[in-house]
Number of protein chains: 2
Amino acid sequence: MTKANHESLLDICRRHGLRITGQRRVILEVLDASGDHPDVEELHRRVAAIEPGINIATVYRTMNKLAEKGLIERHMFEDGRLRYEPAPEQHHDHFINLETGEVVEFRSDEIERLQEEIARKHGFEIVSHKLELYVRARKPR
Amino acid sequence: MTKANHESLLDICRRHGLRITGQRRVILEVLDASGDHPDVEELHRRVAAIEPGINIATVYRTMNKLAEKGLIERHMFEDGRLRYEPAPEQHHDHFINLETGEVVEFRSDEIERLQEEIARKHGFEIVSHKLELYVRARKPR
DNA sequence: ATGGATGCAAAATTTTTGCAGCTCC
DNA sequence: GGAGCTGCAAAAATTTTGCATCCAT
């Protein structure tokens, strides 16, 4: 489940010409280590655990900058807070377990294909998309 | 494109035992007439155009109550504001035109079916879902 | 009559911003 | 050195809430 063998966000940022400060180093490390979709407050908590004194405004500003460059993905689930995850190499969608809050990733090429097809029929070109399935564990009978 | 021949939100509310006040009458009327997905501020603006003096807190409280009863649908697009639409008889998904901000509804039974299938494979049961395609007009070559 | 709805203002939450100082390149 | 980043505090933006009053049922 964890990402392995990938270029670190740190390196990607360097490539994009972003300045690497002590704070960013920590924030990027936290993002790299996160397998979930934390909101800014949660990120700030994790960052502060490693290096206290980093201001939440810095986290906001960093996330905005990274999102702007497409290095992370911004989500807005129904809870109304911004959530982030490192940009996946391949797009995926999300199950959100309503009972546990857990977020599980999945991908369906067939659905992706159908989306393209429908968009084309409507004269649109897809820039990005988001599919969220709000679910609960299937009750065994 | 407009809804016709349907029970009014007003009647639905009555059936659900909600108290019908002057303010609600106006809010429901605005909702019924809205073919789009207004946020609370926009709703309040439209409501105030008909009957000034209705407080925005009342709009918020009414929307919360209606959403709670499932009479309207709450959306959270990427702009980070709560948006609403009268509950559709049949579920549909959304194109969001990034160039114009326009929201277009669509539905694909095939995608719906695939979603069910994938959820089942993961041991989940879908409670609700949301599919948003962020698009732009297809460039003619 | 009475429980629910409203207006108003205050509070809570989440995110952005102005500014002075600091630091990476 | 200078553009970019940070901390801090204040502001902005969105949503909720306490309370006294009012009104639909």
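Naming convention: chains lettered A, B, ... in sequence-line order (proteins, then strands); numbering from 1 in each chain. Hydrogens, waters and symmetry mates play no part in the numbers below; they use all other heavy atoms, side chains included.
- The interatomic distance linking B:M63 (CE) with D:dT14 (P) rounds to 16 Å, in whole Å.
- Contact check, A:N55 against D:dC8: a side-chain N or O comes under 4.0 Å of OP1 or OP2.
- Cluster annotation: A:L28 is connected to A:Y60 through the hydrophobic network of ILVMFWY side chains, with a link wherever side-chain heavy atoms come within less than 4.5 Å.
- Among B:I12, B:D11, B:L18, the single residue meeting the side-chain contact (heavy atoms from CB on, under 4.5 Å) criterion with B:R14 is B:D11.
- Looking at every heavy atom in both residues, B:R138 comes nearest to A:F124 through CD-O, 3.6 Å.
- Residues that satisfy the ring-ring contact (aromatic ring centres under 6.0 Å, His included) test with A:H92, not counting sequence neighbours, are A:H94.
- In plain terms, the two heavy atoms of B:E125 and A:A137 that are nearest each other are OE1-O, 3.9 Å.
- We find that NE2 of A:H44 is positioned 12 Å from P of D:dT6, with the value rounded to whole Å.
- Put simply, B:K65 has no side-chain N or O that comes within less than 4.0 Å of OP1 or OP2 on C:dG4.
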Could you run down nucleotides 14-25 of chain C 5' to 3' and tag each one B, S or - for protein heavy-atom contact under 4.0 Å? SBBBB----BBS
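- Linking ILVMFWY side-chain heavy atoms closer than 4.5 Å, directly or via other members, places A:M76 and A:L71 in a single hydrophobic cluster.
- For B:H16 and C:dG4, the NE2 to P distance is 17 Å, given to the nearest whole Å.
- Atoms CD1 (B:I54) and P (C:dC8) sit 11 Å apart, rounded to a whole Å.
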